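First comes the structure, then the notes that go with it.
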Amino acid sequence: MTELPLWAAVPVALLLVLAGIVTLVGSLGLLRLRSFRERMHAPTMGMTMGAFCVALAATVVASLLQHRPIVHEWLICLFLFMTAPVTAILLMQSARRRQRKRADEPE
């Protein structure tokens with residue numbers, strides 16, 4: 001069997017479209033929001049939700065075509081879900097320190 005059944009192709013296509021929409025909204029949030037702190041949340045949420053939808057779609061397709069459970073994609077998602085919040089926290093701390101440093105400088 002090299003073709004994906006229709007009952008699986010439709011949800012997979014919807015997941016991929018949803019991933020694209022969520023990622024687009026996150027990117028637009030990055031452009032539209034004013035401060036650095038506000039901008040941190042939109043792309044992070046877009047990336048994690050987009051990656052989740054793509055991984056779920058890839059798992060369904062690979063598992064159906066291989067006739068066995070395939071979960072390799074979830075290792076990538078696990079890595080992304082662990083590193084995205086840590087990266088956001090480090091960037092926020094850096095911005096806060098930079099803001100404090102500017103406030104302490106004499107004019």
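Since we're looking at a predicted model, the values are computed, not measured. All values below were derived from every heavy atom in this structure, side-chain atoms included, with hydrogens, water molecules and symmetry-related copies excluded.
- Hydrophobic cluster membership is shared by Val54 and Leu4, with clusters built from Ile, Leu, Val, Met, Phe, Trp and Tyr side chains linked at under 4.5 angstrom.
- One distance of note links CG of Leu56 with CZ of Phe52; it measures 5.5 Å at 0.5 Å rounding.
- In terms of modelled atom types and a separation under 3.5 Å, the side chain of Thr59 and the main chain of Val71 share no donor-acceptor contact.
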Let me have the donor-acceptor pairs involving side chains of residues 6-21, under 3.5 Å, with sequence neighbours excluded, atom names and distances please.
none

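- One distance of note links CG of Leu80 with OG1 of Thr48; it measures 9.0 Å at 0.5 Å rounding.
- When all heavy atoms of Ala55 and Cys77 are compared, the pair lying nearest together is CB-SG, 3.2 Å.
- The same ILVMFWY cluster, assembled from side-chain heavy atoms under 4.5 Å apart, contains both Met47 and Ile76.
- With values rounded to the nearest 0.5 angstrom, Gln66 atom CD is found 10.5 Å from Leu64 atom CG.
- Inter-residue side-chain proximity for Arg100 and Arg96 is flagged as met; some heavy-atom pair is nearer than 4.5 Å.
- Taking OG1 of Thr87 as the reference point, atom CE of Met82 lies at 11.0 Å (rounded to 0.5 Å).
- Counted within 6.0 Å of CZ on Phe81, heavy atoms from surrounding residues, nucleotides or ligands total more than 12; the atom is thus considered enclosed.
- Shown here are the side-chain contact (heavy atoms from CB on, under 4.5 Å) partners of Met49, two or more places apart in sequence or in another chain: Val22.
- A heavy-atom distance below 4.5 Å is found between the side chains of Leu90 and Gln93.
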